[in-house]
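Encoded as structure tokens, the structure appears first; notes follow it.
Along the sequence shown, residues are numbered consecutively beginning with 1.
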Amino acid sequence: MSAKIVTNLNVLEAYLQEACDMAIDKVAKLVRDKLEEFILEDFYNTYSPLFYSRTYAFLKSPKYNILGNATAEVFIDTDVMQYLGIAGEDVANLASYGFHGSIEIFREGFYWSDFIKWCNENVPRLLKIELKKQGINPL
């Protein structure tokens with residue numbers, strides 16, 4: 001990356017903001033994709049339904065939003081899910097405890113706790129990597 005000549009604080013602030021925004025966007029996408037992987041591994045791959053066909057709405061539900069000021073959120077869009085009249089938020093909660101559509105169908109696989117553990121272990125490192133790609137060398 002070529003050297004950036006900073007002539008005043010406004011130029012520096014704009015450069016840092018753009019670099020941070022690009023790094024945050026890349027990390028948010030990576031984190032969203034990792035959440036999808038955990039849902040696939042810990043939920044979908046642990047149980048094959050006998051009485052219904054899957055829509056895969058839950059698998060496609062991880063999303064992210066850039067909130068501004070170098071901040072993003074990664075979440076499950078529960079509005080796109082519904083199962084037998086159960087709200088999407090309840091479906092996601094039940095799945096996080098290993099339940100598949102009903103409290104009578106349980107399989108080990110705790111996607112949310114596994115995902116949070118992965119985030120705590122990896123997101124700071126990923127953010128440093130992406131910031132370095134943008135020319136910022138965090139400590």
Side-chain angles (χ1 to χ4, degrees):
M1 178 167 245
S2 63
K4 177 83 171 164
I5 297 174
V6 176
T7 55
N8 62 52
L9 246 44
N10 290 337
V11 171
L12 177 62
E13 184 178 348
Y15 169 74
L16 291 173
Q17 187 64 52
E18 182 181 351
C20 287
D21 288 347
M22 289 177 20
I24 292 291
D25 187 66
K26 291 208 179 222
V27 172
K29 286 177 185 172
L30 290 168
V31 172
R32 182 223 29 223
D33 292 347
K34 195 63 177 182
L35 177 53
E36 193 173 287
E37 283 180 39
F38 276 111
I39 291 171
L40 179 64
E41 291 300 318
D42 287 358
F43 185 77
Y44 282 94
N45 289 350
T46 62
Y47 176 72
S48 295
L50 302 174
F51 303 107
Y52 64 92
S53 297
R54 287 187 163 151
T55 65
Y56 293 91
F58 183 37
L59 182 62
K60 299 171 196 162
S61 70
K63 305 282 188 273
Y64 78 98
N65 285 328
I66 301 298
L67 302 174
N69 202 19
T71 306
E73 66 179 351
V74 175
F75 61 97
I76 295 174
D77 183 1
T78 57
D79 292 339
V80 300
M81 302 182 314
Q82 187 177 20
Y83 176 72
L84 296 176
I86 301 170
E89 188 172 336
D90 293 330
V91 171
N93 269 339
L94 283 169
S96 74
Y97 293 108
F99 296 103
H100 291 256
S102 147
I103 59 171
E104 291 148 12
I105 305 170
F106 173 80
R107 300 292 184 274
E108 293 265 340
F110 308 102
Y111 79 91
W112 190 254
S113 57
D114 292 344
F115 169 68
I116 294 299
K117 181 178 184 232
W118 179 88
C119 286
N120 290 335
E121 293 171 353
N122 293 283
V123 170
R125 179 183 55 80
L126 292 171
L127 189 53
K128 285 179 182 180
I129 290 168
E130 291 303 326
L131 285 169
K132 282 181 183 178
K133 289 179 184 177
Q134 299 304 320
I136 298 174
N137 193 10
L139 299 175

Shared hydrophobic cluster for [X] and [Y] (ILVMFWY, side-chain gaps under 4.5 Å):
X	Y	value
Ile129	Leu30	no
Tyr56	Val80	yes
Ile116	Phe58	yes
Leu16	Met22	no

Below 4.5 Å, heavy atoms only, C-beta onward: do [X] and [Y] meet side chain to side chain?
X	Y	result
Thr71	Ile24	no
Tyr64	Val31	no
Met81	Ile76	yes

Under 3.5 Å: donor-acceptor pair, side chain of Asn65, backbone of Leu67: no
Can you tell me if Tyr111 uses its side chain to pair, donor with acceptor, with the backbone of Ala92 under 3.5 Å? yes
Under 4.0 Å between a Lys/Arg side-chain N and an Asp/Glu carboxylate O for Lys29 and Asp33? no
Run the numbers on Ile66 and Asp21 for side-chain contact (heavy atoms from CB on, under 4.5 Å), then give the verdict. CA-CA 8 Å; Ile66 301 298; Asp21 288 347; 5.6 Å; no
Where Glu41 and Thr46 come nearest, the two heavy atoms and their spacing: O-CG2, 3.5 Å
On a heavy-atom basis, the closest approach of Ser96 and Trp112 is CB-CB, 3.8 Å
Measure the spacing between [atom1] of [X] and [atom2] of [Y] and express it to the nearest 0.5 Å.
X	Y	atom1	atom2	result
Leu127	Cys20	CG	SG	7.5 Å
Asp114	Glu37	CG	CD	12.5 Å
Phe38	Leu59	CZ	CG	14.0 Å
Lys117	Asn122	NZ	CG	10.0 Å
Lys128	Asn137	NZ	CG	9.5 Å
Glu36	Lys60	CD	NZ	9.5 Å

Listing request: all side chain to side chain donor-acceptor pair (under 3.5 Å) pairs with a residue in residues 86-95, at least two apart in sequence or in separate chains. none
Partner set under salt bridge (charged side-chain N to carboxylate O under 4.0 Å, His left out) for Lys26, not counting sequence neighbours: none
For Glu18, is the CD atom crowded, meaning more than 12 foreign heavy atoms sit under 6.0 Å from it? no
Between Leu94 and Val91, is a side-chain contact (heavy atoms from CB on, under 4.5 Å) present by the stated rule, with each step listed? CA-CA 5 Å; Leu94 283 169; Val91 171; 6.0 Å; no
